Structure formats: structure tokens, C-alpha cells
Chemist: 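Provided herewith is a single structure, encoded as C-alpha cells, for subsequent inquiry.
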2 protein chains.
Amino acid sequence: MAVTIDDERLDAMFAALADRTRRDIVARLSEREATVGELAAPYAMTLQAVSQHIGVLERCGLVSRSRHRQTRPCRLEPQALEAAVSWIEESRRAWAERMDRLEARLARLQDGQQR
Amino acid sequence: MAVTIDDERLDAMFAALADRTRRDIVARLSEREATVGELAAPYAMTLQAVSQHIGVLERCGLVSRSRHRQTRPCRLEPQALEAAVSWIEESRRAWAERMDRLEARLARLQDGQQR
DNA sequence: CTCTTGATAAAGCATCTGCTTGAGTAATCC
DNA sequence: GGATTACTCAAGCAGATGCTTTATCAAGAG
């Protein structure tokens with residue numbers, strides 16, 4: 001049986017990924033760890049705003065922040081992405097199954113006994 | 001090369017999937033087509049609200065509405081889910097690659113020449 | 001101890017979102 | 001034609017979101 005995924009967690013995950021700055025941060029963290037300051041550098045917004053974005057990613061489990069001297073290194077927690085992917089894949093699987101059934105019925109109709 | 005996915009489309013897709021009523025509608029449409037009224041029936045909200053939810057799913061390409069007599073049958077457009085899945089998978093792939101490189105380096109260090 | 005660096009916390013604000021109610025429309029029924 | 005069904009359109013509102021500015025804090029550097 002497929003894993004049942006918590007609705008509230010999915011709300012938070014998809015909402016987090018609905019912002020392109022946050023998606024960009026996730027993509028960059030999938031390449032290497034980075035501090036809040038390093039993550040903030042490329043964007044035309046304050047460090048505070050980026051820190052808030054990281055907070056959103058942290059609350060939904062996608063990113064974790066630790067401490068090293070004055071900095072807060074962030075790293076991706078990729079198993080959290082699992083929840084989103086499996087929800088989507090489940091919907092696609094159901095849809096593909098339905099299409100298969102429809103095709104099978106159509107094939108039986110065309111195949112000979114069309115009284 | 002991996003397919004490059006449009007940022008605005010991803011914004012809309014993830015935002016659409018961040019609402020559980022809309023995710024539920026997608027899940028139900030992955031089982032069978034349904035009219036706006038049929039989709040609205042189970043929820044404790046007005047038909048108008050559900051029609052608006054379907055509008056959101058329609059604008060991001062996940063669902064399409066047609067006409068049949070007075071009703072508006074809705075159906076899922078599953079290839080749109082592709083965009084979301086491939087973005088997520090790309091991040092995960094990069095992360096897995098990085099972990100492999102780290103493990104390989106660690107193995108080389110442990111393996112003999114640790115001068 | 002003071003100054004700087006790298007960050008978080010809190011408050012304020014414009015905009016967006018999810019929902020409502022009320023009105024309008026197209027197709028069907030009588 | 002008028003009433004009914006299945007919806008859409010539009011306005012309004014409370015609460016969430018993305019950003020800002022100001023203030024605060026914790027860890028070195030001098």
C-alpha cells in the first residue's frame with residue numbers, strides 16, 4: 001500500500017515550493033551547503049527576507065540550519081521532497097490506470113462482437 | 001540535457017497544489033471526469049468557491065473544462081504534473097550526486113594513504 | 001570592554017488568497 | 001413565453017504572504 005502522506009505537511013511543502021526564490025535556494029542547496037549570508041547574496045532583497053524564506057523551508061522540513069561560529073549553515077533534507085513526489089506520482093498512477101481500463105474497453109468493443 | 005521548466009508555470013503549479021481542496025479535486029479527477037457540481041458536492045463550501053478552485057487548476061494547466069448541455073465536465077491533464085515532478089527530481093538527483101562524490105572522497109581518505 | 005559580523009525578532013504595510021453573497025447567463029423543461 | 005438547472009462573474013472581506021525597517025543578539029576581533 002502506498003504511504004499515506006499528511007495533508008498539512010503537503011500544504012506546507014507545496015506552498016514552500018510555490019516561490020521561485022525558495023525553489024532557487026533548494027536548487028542551490030542541492031549542490032552544496034551554504035550559510036544564510038551566502039544564500040542571500042544573489043537576490044535583490046534584504047538578508048532578513050532571505051532568512052524568512054529559509055524559515056519557511058525549515059518549517060516544512062526541506063532545510064535544516066545549524067550553527068558554526070557566527071554563521072548558520074543550511075543544508076537540504078531531500079527525504080522531505082519524497083512526500084511531494086509521492087503524492088503527485090499517486091495521482092498520475094491512478095490516471096494512467098484509468099486510461100488503460102478505457103483503452104481495454106475500447107479495444108474489446110472494436111474487436112469483433114460489435115452487435 | 002534535462003528539460004528546462006518555466007518558472008512562472010511552476011509557481012502556479014505548486015501554488016495550485018498547496019491547497020488541499022484542490023489536491024483532493026485533482027485526486028478525484030485522476031479517478032474519473034466530473035462536473036463542477038459533482039466535484040463541489042462533498043465540500044462544506046459554496047459551488048462558487050469550488051468553481052474558483054477549478055479555475056486555479058485550469059489556469060495552471062492541470063485541469064480542463066468543456067461543455068455538455070448545462071454542465072461543465074472537468075478532466076485532468078496529467079502531463080502538466082510532469083513539470084512539477086521533473087523540477088523536484090532534478091533537485092534530488094543533484095543532491096544524490098553530491099552525496100556520491102562526498103562518499104567517494106571519504107572512501108579514498110580512509111583507504112590507505114591517509115598521510 | 002567595545003566594535004564588527006552574521007544573523008534573528010518584531011512590527012508594519014501592500015498585495016494575494018480563499019471564501020462569501022448577490023447578480024447574471026446559457027441550456028433545458030413545461 | 002416563464003421557471004429551473006448548472007453554472008460564471010463581480011464585489012467585498014478576513015486572514016495569509018512577501019517584503020521592508022528597526023531593534024536585538026551572539027560570537028569573534030581589537
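Sequence lines set the chain letters: A, B, ... in the order given, protein chains first and strands last, and positions in each chain run from 1. In this text, all values refer to a predicted model and were calculated from it rather than measured experimentally.
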Chemist: Which parts of nucleotides 14-21 of chain C does protein reach within less than 4.0 Å, heavy atoms only, written one letter per nucleotide 5' to 3' as B for base, S for sugar-phosphate only and - for none?
Modeler: ----SBBB
Chemist: Is the shortest side-chain N to carboxylate O distance from E77(A) to R75(A) below 4.0 Å?
Modeler: yes
Chemist: Report, as a single string ordered 5' to 3', how protein heavy atoms within less than 4.0 Å touch nucleotides 25-30 of chain D: B base, S sugar-phosphate only, - not at all.
Modeler: -SBS--
Chemist: Using a 4.0 Å heavy-atom cut-off across all strands, classify R65(A) as base, sugar-phosphate, or nothing.
Modeler: sugar-phosphate
Chemist: Go through R28(A) and E31(A) one step at a time and tell me if the salt bridge (charged side-chain N to carboxylate O under 4.0 Å, His left out) criterion holds.
Modeler: CA-CA 5 Å; R28(A) 288 167 63 204; E31(A) 298 292 339; over 6 Å; no
Chemist: Taking L102(B) as the starting point, is it possible to reach W95(B) by hopping between hydrophobic residues whose side chains are less than 4.5 Å apart?
Modeler: yes
Chemist: Show, in sequence, the C-alpha distance, side-chain angles and deciding distance for V36(A) and T71(A), and conclude whether the side chain to side chain contact (heavy atoms under 4.5 Å, CB included) test is met.
Modeler: CA-CA 7 Å; V36(A) 177; T71(A) 69; over 6 Å; no
Chemist: Are E97(B) and R93(B) within salt-bridge range, i.e. N to O under 4.0 Å?
Modeler: yes
Chemist: Which salt bridge (Lys or Arg N to Asp or Glu O under 4.0 Å) pairs, counting each pair once, include a residue from residues 46-60 of chain B, with sequence neighbours left out?
Modeler: E58(B)-R65(B)
Chemist: If Ile, Leu, Val, Met, Phe, Trp and Tyr residues are connected whenever their side-chain heavy atoms lie under 4.5 Å apart, and connections chain through other members, are V56(A) and L76(A) in the same group?
Modeler: no
Chemist: Could you tell me the separation between the NE2 atom of H68(B) and the C1' atom of dC7(D), rounded to a whole number of Å?
Modeler: 15 Å
Chemist: Show your working on side chain to side chain contact (heavy atoms under 4.5 Å, CB included) between D7(B) and R23(A) and close with a plain yes or no.
Modeler: CA-CA 9 Å; D7(B) 257 343; R23(A) 280 200 306 278; 3.3 Å; yes
